[in-house]
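Here the structure is laid out as structure tokens; the discussion comes afterwards.
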Amino acid sequence: MALPRTKLLHGREVGTLAGLLALCAALWVATPHFATVSNLVNVVEQSAIIGIVAVGMTFVILTGGIDLSVGSIVALSGVALGTAHEAGLPIAAAAAVGLTVGLACGLGNGALITLGRLPPFIATLGMMSVARGIALMLSDGRPISGYPASFRALATGHVLGIPFPVILMLAIYAVAHFLLTRTLLGRYTYAIGGNEEASALSGINVRAYKAAAYAIAGLLSAVTSMLLVARLNSAQPIAGIMYELDAIAAVVIGGTSLLGGSGTVIGTLIGALIMGVLRNGLNLLGVSSYLQQVAIGSVIIVAVLVDMMLRRRARRAAE
Amino acid sequence: MALPRTKLLHGREVGTLAGLLALCAALWVATPHFATVSNLVNVVEQSAIIGIVAVGMTFVILTGGIDLSVGSIVALSGVALGTAHEAGLPIAAAAAVGLTVGLACGLGNGALITLGRLPPFIATLGMMSVARGIALMLSDGRPISGYPASFRALATGHVLGIPFPVILMLAIYAVAHFLLTRTLLGRYTYAIGGNEEASALSGINVRAYKAAAYAIAGLLSAVTSMLLVARLNSAQPIAGIMYELDAIAAVVIGGTSLLGGSGTVIGTLIGALIMGVLRNGLNLLGVSSYLQQVAIGSVIIVAVLVDMMLRRRARRAAE
Amino acid sequence: LGIAACNRGDGGAPTVALVLKTLNNPFFVEMEQGAREAADSLGIELVVQAPEREIDVEKQMQIVENLLQRRVDALLITPSGSREIVPAVVKANEAAIPVVVVDTRVDAPALEEAGARISSFIGSDNVDGGRMAGRFVAERLGGQGRVAVLEGIPGHETGDSRLTGFREVLAEHPGLEIVSSQTANWERDQAFNVTQNVLQSHPDLDAIFAANDVMALGAVEAVAAAGRTGEIVIVGFDAQDDARIAIREERMDATIAQNPREMGRLAVISADRLLRGETVPAEQPVRIELVTGQQTGAVEAPAREE
Amino acid sequence: MIPSASEPHPRPPEPIVLRMFGIRKAFPGVVALDGVDLEVRAGEVHVLLGENGAGKSTLMKVLSGAHAMDAGRIELAGSEVAISGPRHARDLGIGIIYQELALVPDLSAAENVFLGREPRRGPGLVDRGAMVAASRRILQTLGASFDPGLPVRVLSIAQRQLVEVARALSLEARILVMDEPTSALTERETGALFATIRRLTSQGVAVIYISHRLDEIFEIGDRVTVLRDGRRVATREVDGADRRELVRLMADREIDERVPRPAARRGDELLRVEGLGRHGVLHDVSFRVHAGEIVGFAGLLGSGRTEVARAIFGIDPHDAGRVFMRGRPARISSPRDAIRAGIGLLTEDRKRQGLVLELSIRENIVLPVLGSMSRFGIVSRRMERERASKHAAGLRIKTPSLEQVVLNLSGGNQQKVVLAKWLACEVDVLILDEPTRGIDVGSKQEVYQLIHRLASEGVGIVLISSELPEIVGLADRILVMRAGRVVAELSGDEASQESVLAHAVGA
Ligand SMILES: Nc1ncnc2c1ncn2[C@@H]1O[C@H](COP(=O)(O)OP(=O)(O)OP(=O)(O)O)[C@@H](O)[C@H]1O
Ligand SMILES: Nc1ncnc2c1ncn2[C@@H]1O[C@H](COP(=O)(O)OP(=O)(O)OP(=O)(O)O)[C@@H](O)[C@H]1O
Ligand SMILES: [Mg+2]
Ligand SMILES: [Mg+2]
């Protein structure tokens, strides 16, 4: 219990990492196709989508909130980009429109929660429904396809053999880690999640920093939507359904407490990779769709169970 | 602030009720088809499905937890009933099988959360996936149809002109209200949600009462599934998708805090009716389905906003 | 058959309700457009409603109940569940509102058991479409090769029927093997991931059949990302605009056109005739077509014996 | 209620009801208890004394089943027991009031009193009427007049403490542990509590009593055991024990317990409050605080002292009156504004309002001033560490390192962290609401010295305290509040404990 904080967090991530490695080892034994370079690159690339959304979700959850609207924001900002591009805007400008829309949705959530004092669950549930509806209205329920190769390179490009989405994701994690550990924003995010009242009484502008978390989540959802559009060459109004659950699962598997105030973005990255590896492995093994659901559910449960047990043991050993 | 407790809670429900009445009034003006006896009965009947699930969700949320698996439990217990019936069991026995399965799932959630010390979000997210997968495997992905009229009367029957589902729902709310206000179970449910540590230090068997909340949620999901099967004359492995969100929305609109420890089942009933009336009204008005999503999201937000404002004003007036 | 009930008593234009499975799927968006065009030209007020999720029978039933409260004059419906929708049909019958079923058949025995009646069925057969896709793949691969299947949301009837037809044909060719059958939940990005993963374990894949075009297009992008466009035969279903374009650009090979626009049009015309007291045929088949780069083979959907 | 007068000492030795042998309990990095023995007789008030972090609460948590001990033995009435948990301890006749209030905010006071032991009307049915009636009775013996049907959420911290006490009393335990039951109480409630304790001990109940108020020990205690650094250093009869010796045993050094009172050096006016009012809570509160001045606020429970602080600090809105800083109107609508204007507030409820428990000591101390230690939003860890250790050093916080999570500190040490936080903030006017709540004698002296140092550096101090000696000793001027009004202003010279109390109760 009395470990210095940095150590404790470190210990946490080690537990989750052990889970990831165990899963990888199991798959390595189970199928020859798993542990190939191309497949591993492939897994990380696939994890980038949920991985980036989960970064924003980490900020939100650290403040003690939750964001159910990320999936819908992915759809809406993609459709906004598509509509703007169809209307003749150059792709860079269209992308800016998409990012702005994502940011605006996040700020909307933030305003409802801080100014309107709505519970985050309700505010973002509402936003989830509204943003999805607008995405469908804007696009008339159809995908908007056809983007220039320059834009599509976002998803298809490589740098030194590493797919661009992977680089983008890692860069976002690095920035997020820096923000959370080194800056005012990060410290206040933890403080607000740990004790909102004490934070306010310490003169922290709680509203602004809480809103910032949702804004970050909105913006990163928009970034994810750019990746998705580039990857699929199509902006879809029904994109991102259930992303919120996957992202929350990644965050929680990564050791962040849903009560707020404790957790790290590194843990989230490992959590997102666990989800990605799991899906990939089940596909490689050709597990039936029905059984896949059972397997995914079980692994989520077991991963967190083991992680909790390891942490408890580590704590006891430290005594 | 210094209102006695019963009054305070009463005040809460009044706010939500005002929201419901305002919505009804608006619809009454907007369409002649809303305020007919047959339509109002129809609305209440439709609200029974989410309404009953939301009762279990209220118990869970009062303990400070959450249950994402209710929808999947609806599916699984329905399929269990269907499979048992197809295998030749008399319908009453098959229904008992379905209810037992629902209860078992709830207990499984409870065990994972109390014995395994998993965060409720993770445990029930896992259960959501596992139960859905098993429902699909059991039924091979196909609906199981054809039930005796005696069973179908659960959904189609009337007593004194009131549809049976409405009576069932009201009975369940009455029992739940009694449990929460008059019994140890209720007292401990609030206590655990309000301060789990203090409850444990007071010698309350926190694990047992927490598990009980999930068991109730599982059992009521199974009850809902009976209604659904009777109504559609078919047990579907894909039933109940997203029920968790609707149920949580009903609970929160009804004034129960997601942090646990405060709220009432009467509020939940009003919350469920708000959702039901809203959907009904939008259908009656012929609002396009895209716009409907925008409207539903907005109304959820506005309803809770107004409710919060009324409560704050009431509080200020009381000072 | 045909119901002579005419509810046009109250003066204004008759109101016809079209209840779809969802409007999140371009297939039904096109159906709505076909219906709207017909309604406009016939002076009919068309109300279109759909649940948010394609598989939500319970919500669809609620929508029907709510529209019956509104006393629409006719009900056109694409059932989310072929048996589950029967109670809704019964309620419409009780309110003396004619029902036209579109796209997905209502289970005949269930209908009979409940004593419910429908005025007409308009649509094509998903199983047949699946067979058509199967025959195309068999032909292109010369009866020899490894095939991957992208399934829709597990338990979803439309997808299941398409796959049934497809598998039926493949079973007739011993040289064709389904090496992987995985769900991508009707979604494009999931299809992308699943295809990528399947290509890892089956790099020697020859063909992919997706139960709808949304998923097929995801597969197209994944195959392109692997640099294997043109080497793997990709067949979808629904003939969405995007899929037609991909076929034209030779990134995809074929899709099955069910012509939802025509279904919508026919449905409204049928409603109009029913409301005038005329009769309509019990079965109004809509052609399904194989859409490929080279030819457009049209096939008449055979009317099923009831 | 007639309290039986304390029996004459020495009385015949009563049977020993509790023996603890060689109790050991370690937390990661800390050995909280290292072979502690304790012996308690029926009908005695056995006081546990020790500095913050000495292990008092931990020892009691072992007894009440909240902590499992690592080694040692417990005997109740001569036979060894293995206490498996809180419920088991309760069944064995052990009742406890925890130092950190453990109440359920949304349940009523009555429900909290009987939590886990509700009177029943049938299987599983709660008898609400009986519960409210019984808790009202117990609360009245404690001199508390609030409605037991009120949710705990709306009670003041002192009222909450009374609920805790009522809960322990309702247990009808054979061994009753009270871990700092009076830290938030004023003299009046304390008196009522003591009367109750005397009644219980006359019935043979053994009371283990923990407090940092030495006066209380002499008033109520029979024997005293002193703990230091997780070890027992002595057990004495209270009669004939020497106060200075006890303090030396505790602290292992000499401490001068007199409250020092240097001459006031009054500087310019810093804070001026005019006609502050909040409907139903505060009425026409006016006062000034000058640089270097210590202004005391005295009053009974719920007299509105905390409300004054909250209103000035921008937590609660006020509907009348104005606040000036250095003669200029200060527009304060949030704590942020208040801090900017140069006002700090140390709140009375450290857990809820003072600390972010999951953050480290360092992070808590620098929280209000972090902005000034950052450039472009990036925090300078060096400045952070320097500032935190500078202000923590003066307070002797017992911890392996400043990186320790505050959650793991003893109650008194947590209080010191909150103090350090406001010292680090370097404001012009510092409002201290019960600043010595739960801290030991030695640390109290340090806090007093600190308050003087701050005053001599020109900081204006508003001191709210329920400990009359403290407020009379420290303050240059004392404002006495009653029912939301300032009913008297006494200068340091004319103020005595008696005169303050007389104004406070309205006699
Ligand atoms: N849960 C815990 N985890 C880690 N350390 C703990 C825990 N509880 C107590 N400690 C440590 O054990 C030691 C004894 O603490 P305890 O609370 O018993 O002190 P105390 O004598 O009651 O002090 P105070 O007068 O301040 O209440 C302290 O150093 C404290 O930091
Ligand atoms: N945080 C709070 N929120 C709402 N009401 C409160 C709060 N704190 C106190 N009160 C109420 O305000 C009244 C005045 O209490 P306050 O705490 O200001 O008195 P006080 O003189 O500081 O006494 P003490 O702090 O010793 O209780 C009390 O009746 C209490 O119920
Ligand atoms: Mg203590
Ligand atoms: Mg106070």
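Naming convention: chains lettered A, B, ... in sequence-line order (proteins, then strands); numbering from 1 in each chain.
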Please tabulate, for the side chains in residues 83-92 of chain D, all donor-acceptor contacts under 3.5 angstrom to protein atoms that are two or more places apart in sequence or on a different chain.
| from | atom 1 | to | atom 2 | distance (Å) |
| --- | --- | --- | --- | --- |
| D/S84 | OG | D/H88 | ND1 | 3.3 |
| D/R87 | NH1 | B/G203 | O | 2.5 |
| D/H88 | ND1 | D/A82 | O | 3.4 |
| D/H88 | ND1 | D/S84 | N | 3.0 |
| D/R90 | NH1 | B/S202 | O | 2.5 |
| D/R90 | NH2 | D/G116 | O | 3.4 |

Q) What's the spacing between D/L103 CG and B/E197 CD if we round to 0.5 Å? A) 12.0 Å
**Q.** Taking every non-hydrogen atom, the tightest pair across B/G194 and D/P105
**A.** O-CD, 3.6 Å
Q | Partner chain D: residue of B/A200, B/G186, B/A191 with the largest heavy-atom pair count (under 4.5 Å) | A | B/A191
Q | Nearest heavy-atom neighbours spanning D/Y98 and B/L201 | A | OH-CD2, 3.4 Å
Q: Identify, with sequence neighbours excluded, every residue that meets salt bridge (charged side-chain N to carboxylate O under 4.0 Å, His left out) alongside B/E196.
A: B/K210
**Q.** Winner by heavy-atom pair count (cut-off under 4.5 Å) against chain D, out of B/L179, B/L185, B/L184
**A.** B/L184
Q) Does NE2 belonging to B/H177 count more than 12 external heavy atoms closer than 6.0 Å? A) no
Q. Given the options D/I96, D/L171, D/L115, which has more heavy-atom pairs under 4.5 Å with chain B than any of the others?
A. D/L115
Q) Where does D/R117 contact chain B at under 4.5 Å (heavy atoms): side chain, backbone, both or neither? A) backbone
Q.
So, taking the atom named OG1 in B/T183 and the one named CD in D/E118, what distance separates them when rounded to the nearest 0.5 Å?
A. 10.0 Å
Q.
In the structure I gave you, are the side-chain heavy atoms of D/L125 and B/F178 within less than 4.5 Å of one another anywhere?
A. yes
